[in-house]
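Below is one structure; the comments refer to it alone.
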There are 2 protein chains.
Amino acid sequence: MTTGLGDSPARTSYRHGDLRRALIDAGVDLAQEGGPAAVVLREATRRAGVAPSAAYRHFADRQALLDAVCSSCQALVARAIEADQAGIRSTDAAEAARLRFRAVGTGYLRFALEQPGQFQTAFSASSDLDSATSSARAGDSGLTPFQLLTVALDDLVAQGLLAAERRPAAEFLAWSAVHGLAELFIDGPLRALPDPVKQTLIARVINMVEQGL
Amino acid sequence: MTTGLGDSPARTSYRHGDLRRALIDAGVDLAQEGGPAAVVLREATRRAGVAPSAAYRHFADRQALLDAVCSSCQALVARAIEADQAGIRSTDAAEAARLRFRAVGTGYLRFALEQPGQFQTAFSASSDLDSATSSARAGDSGLTPFQLLTVALDDLVAQGLLAAERRPAAEFLAWSAVHGLAELFIDGPLRALPDPVKQTLIARVINMVEQGL
DNA sequence: GCTCACATGTGTACGATGTACACATACCAG
DNA sequence: CTGGTATGTGTACATCGTACACATGTGAGC
């Protein structure tokens with residue numbers, strides 16, 4: 001056996017081991033550095049140490065690679081939300097549900113500010129409601145960002161913090177507000193705002209959602 | 001004089017008359033057909049009937065052309081908002097202010113659904129808070145979309161419909177919600193929703209903003 | 001264990017794009 | 001009329017996505 005498999009540092013000649021994974025990882029790096037437009041097929045193959053055409057053994061075209069990178073980035077968003085939720089310490093079940101709901105927003109927006117390129121990539125490409133629940137986009141809990149929001153809203157209803165008749169489509173209202181703020185932060189007019197002001201806006205948007213749902 | 005100036009249909013040889021304007025117009029058409037990525041410099045020059053290099057007499061690079069197209073598209077958004085506001089008939093000043101505020105949201109989202117390509121282009125590129133007030137992005141009233149929202153919120157305060165202490169930064173909260181919904185509609189998971197459902201969501205998001213501000 | 005078929009990576013090639021640079025042409029000032 | 005400047009042309013190059021023929025490992029069946 002001439003080559004180990006899955007070894008990133010050592011270059012193996014010819015057979016790569018797991019080129020598909022390597023291309024997606026390179027794509028995620030590119031997305032981090034420059035957003036979806038920077039996910040360039042040739043550069044990904046360069047970083048994986050293979051010829052450009054090799055990518056076509058694993059992806060139909062550049063868009064297919066970008067879709068896969070997009071899914072990976074959504075999984076990172078899910079992880080960021082889970083991280084914020086994991087920090088919650090509360091004995092009161094109702095209060096805990098409320099904090100878990102808010103953590104969906106804070107985690108989402110924290111990730112958008114910390115990794116704007118990956119965030120933009122996560123929501124750049126084709127994603128209908130079906131693929132929003134694909135497992136490739138899930139975090140450690142096995143849930144996608146969208147599903148984490150849905151669960152948090154269900155919990156609000158279960159704890160009596162949200163009237164059942166206001167529950168339908170509430171995920172879209174909450175998502176709109178939080179996602180819109182992220183867009184304004186990343187390449188919208190709020191880009192240059194100092195960080196404390198951004199934090200204040202984040203809290204106020206989440207307040208608006210809580211009161212307005 | 002061999003050539004009239006500003007004539008779109010008749011091809012004039014050599015001196016074009018107003019190539020800058022022609023390139024921006026072609027760019028707006030391209031944006032309408034395929035969003036910001038479709039604003040391709042060479043295709044714009046092709047439609048204007050000139051050589052590719054000619055564009056560089058009027059724009060530093062492709063991004064500069066895209067910025068100009070972006071401004072034009074924002075002006076179209078402003079016009080859509082103004083159109084919705086113009087349809088308001090109300091003798092009650094407070095009610096009129098409230099409807100004008102809601103019309104900012106409905107006009108914004110109506111344009112996003114009717115002209116997704118131009119809408120995406122309008123908010124795709126570099127736009128900080130300064131350029132958000134640039135006159136190139138204004139509609140017939142001379143106000144940009146952002147300024148129309150600001151004015152509408154000021155009127156709400158003047159009519160006693162919004163507490164003064166809630167006024168600061170309110171434009172960013174309202175914009176977040178409405179802009180986020182537009183994104184979810186255009187290339188997000190809500191793309192395939194039937195139109196009536198979209199209209200319901202639009203009304204609910206605006207309700208959320210009114211209650212949550 | 002040998003062979004052969006298939007999966008996977010290589011090399012070359014083509015059209016499109018953004019952009020630089022030298023050249024050509026039309027208009028304006030004197 | 002004449003020359004300078006603004007504006008459009010032509011050619012050229014690097015890069016990108018992608019197609020296609022070819023090379024090379026790997027595993028299945030004898």
Side-chain angles (χ1 to χ4, degrees), chain A residues 1-8 10-27 30-31 33-70 121 124-126, chain B residues 1-8 10-27 30-31 33-70 121 124-126:
Chain A
M1 182 189 287
T2 60
T3 112
L5 47 121
D7 45 359
S8 313
R11 294 298 159 86
T12 145
S13 70
Y14 233 86
R15 293 310 165 87
H16 182 282
D18 192 355
L19 181 54
R20 182 186 167 81
R21 186 75 255 158
L23 288 174
I24 294 177
D25 289 346
L30 289 169
E33 296 163 24
V39 180
V40 167
L41 190 144
R42 287 182 100 107
E43 177 61 21
T45 60
R46 231 171 273 137
R47 297 192 178 193
V50 299
S53 326
Y56 289 86
R57 298 297 175 186
H58 302 276
F59 301 98
D61 53 14
R62 183 199 112 106
Q63 186 59 48
L65 169 60
L66 187 57
D67 285 352
V69 171
C70 155
T121 307
S124 68
S126 61
Chain B
M1 183 189 287
T2 59
T3 113
L5 46 122
D7 45 358
S8 312
R11 296 297 160 86
T12 146
S13 69
Y14 233 88
R15 293 309 165 90
H16 183 281
D18 192 355
L19 182 54
R20 181 185 167 82
R21 186 75 254 158
L23 289 174
I24 293 178
D25 290 346
L30 289 169
E33 296 163 24
V39 180
V40 167
L41 191 144
R42 288 181 100 110
E43 177 62 21
T45 61
R46 230 171 274 137
R47 297 193 178 192
V50 299
S53 326
Y56 289 85
R57 299 296 175 188
H58 302 276
F59 301 98
D61 52 14
R62 182 199 113 107
Q63 186 59 48
L65 169 60
L66 187 58
D67 285 352
V69 171
C70 156
T121 307
S124 68
S126 61

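Just so it is clear: chains get the letters A, B, ... in the order the sequence lines come, proteins before strands, and each one is counted from 1. All of these numbers come straight from a predicted model, not from anything done at the bench.
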What integer distance in Å separates E43(B):CD from dG18(C):P?
-> 10 Å
Would you mind reporting whether F59(A) and I24(A) have side-chain heavy atoms less than 4.5 Å apart?
-> yes
Flag side-chain contact, heavy atom, 4.5 Å: L41(B) against L23(B) = no
Choosing from dT18(D), dT9(D), dG18(C), which nucleotide comes nearest the side chain of L41(B)?
-> dG18(C)
Which nucleotide in dC23(C), dT19(C), dT18(D) has an atom nearest any side-chain atom of P52(A) = dT18(D)
Find out whether E43(A) and L30(A) are in side-chain contact, i.e. whether some heavy atom of one side chain is under 4.5 Å from a heavy atom of the other.
-> yes
Ranking dG8(D), dA19(D), dT9(D) by distance to the side chain of R57(B), first place goes to dG8(D)
What integer distance in Å separates F59(A):CZ from dA19(D):P?
-> 16 Å
Within this structure, what is the CG-to-P distance between D18(A) and dT8(C), rounded to whole angstrom?
-> 10 Å
Would you find a donor on one side and an acceptor on the other, under 3.5 Å apart, between the side chain of R47(B) and the backbone of R42(B)?
-> no
For R42(A), report the nucleic acid contact type (base, sugar-phosphate, nothing); a contact means any heavy atom under 4.0 Å.
-> base
Taking dT19(C), dG8(D), dT10(C) as options, the one with an atom nearest any side-chain atom of R62(B) is dT19(C)
Can you figure out which of dT17(C), dT9(D), dT12(C) approaches the side chain of V50(B) most closely?
-> dT9(D)
So does H58(B) get a side-chain nitrogen or oxygen closer than 4.0 Å to the phosphate oxygens (OP1/OP2) of dA6(D)?
-> no
Measure the distance from OH on Y56(A) to P on dA21(D) and round it to the nearest whole Å.
-> 17 Å
Could you give the CZ-to-C1' distance, from R21(B) to dT7(D), as a whole number of Å?
-> 18 Å
Are any side-chain N or O atoms of R20(B) and backbone N or O atoms of H58(B), one a donor and one an acceptor, separated by less than 3.5 Å?
-> yes
Whole-Å distance between dA16(C) C1' and D61(A) CG?
-> 16 Å
Per atom distances to the S53(B) side chain, the nearest of dC21(C), dA19(D), dT10(C) is dC21(C)
What's the CZ-C1' distance between R46(A) and dT10(C), to the nearest Å?
-> 16 Å
Separation of atom CZ in R47(A) from atom P in dG9(C), rounded to whole Å = 19 Å
